[in-house]
Amino acid sequence: MESAAIFAGLHPTSGHHNHLLGPSRTAIKLLPPSIDKINFSPLPLKLQKQSHFTSYIDNSAINSGNSCRVASPASDVASELADIDWDNLGFGFMPTDYMYSMKCSQGENFSKGELQRFGNIELSPSAGILNYGQGLFEGLKAYRKHDGNILLFRPEENATRLKMGAERMCMPSPSVEQFVEAVKATVLANERWIPPPGKGSLYIRPLLMGSGAVLGLAPAPEYTFLIYVSPVGNYFKEGLAPINLVVETEMHRATPGGTGGVKTIGNYAAVLKAQSAAKAKGYSDVLYLDCVQKKYLEEVSSCNVFIVKGNLIVTPAIKGTILPGITRKSIIDVAISQGFQVEERHVSVDELLDADEVFCTGTAVVVSPVGSITHQGRRVTYGNDGVGLVSQQLYSALTSLQMGISEDKMGWIVELK
């Protein structure tokens with residue numbers, strides 16, 4: 001649900017530096033503006049790790065207009081962070097340097113992608129995504145370590161979830177390897193936008209859309225896989241401080257047999273009305289119930305929800321109406337490794353109101369403790385409006401893994417440098 005304004009009002013970042021940073025932190029100088037794309041050959045899309053680059057690639061490749069000129073290490077171009085206020089990052093969109101794009105036709109496979117300058121994209125007014133909502137998105141983050149390494153957290157899980165969603169939405173999708181390599185390339189191309197350690201993260205937004213023109217209701221004839229990035233801070237303005245939720249009893253996020261279990265774009269516009277009304281009343285967000293019995297928890301607008309009672313942690317089971325969150329899955333594994341009993345099942349409102357703690361999980365929020373729940377006018381608070389011990393423990397454990405502070409015994413971290 002994080003703002004994805006790729007379709008309107010985006011302009012290339014002013015004052016672009018005319019270089020990319022290779023995996024060895026050597027500068028790659030781009031050719032003049034008329035040559036603004038970096039093509040990748042068919043898979044795998046590998047960024048080769050080298051100690052240095054040669055001075056130039058061959059002239060025939062340059063003349064084709066499809067390649068980039070490579071500067072010698074002797075050019076001594078320094079790597080610098082973007083000039084922004086890292087101490088006051090919110091969760092808002094900020095244009096960066098490069099985005100990644102790959103296309104294929106219906107019935108075919110994605111095979112070739114490219115990095116290009118960030119900017120507007122061109123779509124037919126009859127594009128499948130604009131007319132029938134044939135689109136999916138993902139969200140993941142890159143972190144900078146003190147030693148200069150750049151870390152990704154479980155990107156293959158996002159790739160797998162995208163493939164699952166694409167099948168539901170009748171779309172071709174990149175392979176897991178294509179997805180991961182495209183993410184790596186995009187992150188490294190925008191390295192200067194990754195916040196310093198402890199100042200935030202680089203949010204990565206992959207999009208898969210029906211970009212081909214279609215008038216009658218049918219799968220689009222062409223598809224575009226696109227990735228853009230933005231430096232971000234905390235999703236909720238409260239940060240790790242507790243948020244206040246209201247239970248929505250009339251409007252519903254998803255229905256059985258629908259698309260609530262995949263990350264399709266339509267799931268998120270549907271929550272805006274209830275969310276806007278809640279925020280106008282001072283709540284942080286909305287907690288939705290099942291649409292059949294209207295008494296079992298589903299999820300918050302863009303987060304999974306957990307309740308804590310003693311040593312027991314319970315979260316609604318994945319049953320087709322709830323998004324299988326990657327942070328949700330990770331928190332379950334971390335909690336079990338720390339000795340908690342975890343159950344995935346129906347969770348009633350009564351259980352919610354009787355819990356010791358409540359917290360939400362998601363890529364954007366990571367772990368967000370809940371300070372209060374309001375249900376039909378009744379407000380229940382948790383932990384004297386403080387951060388619960390279990391929420392704090394799990395937040396610390398997961399973020400330490402994501403940021404490379406603690407040892408990755410789970411095998412979840414992908415190092416780029």
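Residue numbers start at 1 and run along the sequence shown.
- Using a 4.0 Å cut-off between charged nitrogen and carboxylate oxygen, Arg161 and Glu156 do not count as a salt-bridge pair.
- Ser406 and Ser400 are not linked by any side-chain donor-acceptor pair at a separation below 3.5 angstrom, with hydrogens and angles left out of the test.
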* Asked: Lys199 and Asp87: salt bridge (Lys or Arg N to Asp or Glu O under 4.0 Å), yes or no, with the steps?
  -> CA-CA 6 Å; Lys199 301 293 185 180; Asp87 291 317; 2.4 Å; yes

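- No side-chain N or O of Glu344 forms a donor-acceptor pair with one of Thr315 less than 3.5 Å apart.
- Ring geometry for Tyr203 versus Phe91: interplanar angle over 60°, hence perpendicular rather than tilted (30 to 60°).
- Looking at Arg379 and Asn244, their side chains come closer than 4.5 Å, going by heavy atoms from C-beta outward.
- Checking Glu248 against Tyr288 by side-chain atom types alone, no donor-acceptor pair falls below 3.5 Å.
- Taking 4.5 Å as the limit, every side-chain heavy atom of Pro197 sits out of range of all side-chain heavy atoms of Lys145.
- Here the side chains of His375 and Leu353 are in contact, with some heavy-atom distance below 4.5 Å.
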* In sequence, state the C-alpha distance, the side-chain angles, and the governing distance for Arg205 and Ser230, and then conclude on side chain to side chain donor-acceptor pair (under 3.5 Å). => CA-CA 8 Å; Arg205 171 54 57 82; Ser230 177; over 6 Å; no

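- Separation of atoms OG1 (Thr327) and NZ (Lys329) is listed at 11.5 Å; rounding is to 0.5 Å.
- For the atom pair CG (Leu202) and CE (Met94), the distance works out to 11.0 Å, reported to the nearest 0.5 Å.
- A donor atom on one side chain and an acceptor atom on the other are not found under 3.5 Å apart for Tyr100 and Gln116.
- Counting heavy atoms from C-beta on, the side chains of Val347 and Ile307 come closer than 4.5 Å.
- Shortest non-hydrogen contact noted between Val334 and Ser337 is O-OG, 2.6 Å.
- Remark: side-chain polar atoms of Glu357 are paired, donor with acceptor, to backbone N or O of Val390 under 3.5 angstrom.
- Counting heavy atoms of neighbouring residues, nucleotides and ligands inside a 6.0 Å radius, atom CG of Asp147 exceeds 12 of them.
- The CZ atom of Phe340 sits 13.5 Å away from atom CD1 of Ile332, with the distance rounded to the nearest 0.5 Å.
- Using a 4.0 Å cut-off between charged side-chain N and carboxylate O, Glu299 and Arg253 make a salt bridge.
- Between Phe153 and Trp412, the angle of the ring planes goes over 60°, which puts this pair in the perpendicular group of the 30/60° scheme.
- The shortest side-chain heavy-atom distance between Ile331 and Asp333 does not fall under the 4.5 Å cut-off.
- Considering every non-hydrogen atom in both Gly261 and Pro324, the closest pair reads O-CD, 3.2 Å.
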* Residue pair Ser211, Thr224: steps toward the side chain to side chain donor-acceptor pair (under 3.5 Å) verdict -> CA-CA 6 Å; Ser211 51; Thr224 298; 2.8 Å; yes

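- Annotation: Tyr98 is not in aromatic contact with Tyr228 [ring centroid separation under 6.0 Å not met].
- Residue Leu352 comes nearest to Tyr382 through the heavy atom pair O-OH, 2.8 Å, listed as atom of the first residue, atom of the second, then distance.
- Glu138 and Asn158 are linked by a side-chain donor-acceptor pair at a separation below 3.5 angstrom, with hydrogens and angles left out of the test.
- The neighbour count for Leu389 CG, taken as heavy atoms of other residues, nucleotides or ligands under 6.0 Å away, does not exceed 12.
- Judged by distance alone, the side chain of Asp408 and the main-chain N or O of Gly411 form a donor-acceptor pair under 3.5 Å.
- Between Lys309 and Asp354 there is a salt bridge, since a side-chain N of the basic residue sits under 4.0 Å from a carboxylate O of the acidic one.
- Put simply, OH on Tyr296 and SG on Cys291 are 14.0 Å apart, with the number rounded to the nearest 0.5 Å.
- Lys273 and Glu250 are not joined by a salt bridge, as no carboxylate oxygen comes within less than 4.0 angstrom of a charged side-chain nitrogen.
- For Glu167, the CD atom counts as loosely surrounded, since its 6.0 Å shell holds 12 or fewer non-hydrogen atoms of other residues, nucleotides or ligands.
- Atom CG of residue Asp285 and atom SG of residue Cys360 lie 7.5 Å apart, to the nearest 0.5 angstrom.
- Of the N and O atoms on the side chains of Glu222 and Gln106, not one donor lies less than 3.5 Å from an acceptor on the other residue.
- A heavy-atom distance below 4.5 Å is found between the side chains of Ile84 and Leu89.
- Of the inter-residue distances, the one linking Thr363 atom OG1 with Lys141 atom NZ reads 7.0 Å to the nearest 0.5 angstrom.
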* Can you check salt bridge (Lys or Arg N to Asp or Glu O under 4.0 Å) on Asp290 and Lys295, steps first, answer last? -> CA-CA 7 Å; Asp290 76 288; Lys295 68 175 184 179; over 6 Å; no

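- No side-chain heavy atom of Val214 sits less than 4.5 Å from a side-chain heavy atom of Pro219.
- Residues Thr374 and Tyr283 form a side-chain contact, since some pair of their non-hydrogen atoms from C-beta on lies under 4.5 Å apart.
- When all heavy atoms of Met171 and Gly210 are compared, the pair lying nearest together is CE-N, 3.8 Å.
- Of all non-hydrogen atoms in Pro206 and Phe179, the two that sit nearest each other are CG-CZ, 3.7 Å.
- Looking at every heavy atom in both residues, Thr259 comes nearest to Thr264 through OG1-CG2, 3.4 Å.
- The environment of NZ in Lys319 is crowded: more than 12 heavy-atom neighbours from other residues, nucleotides or ligands sit within 6.0 Å.
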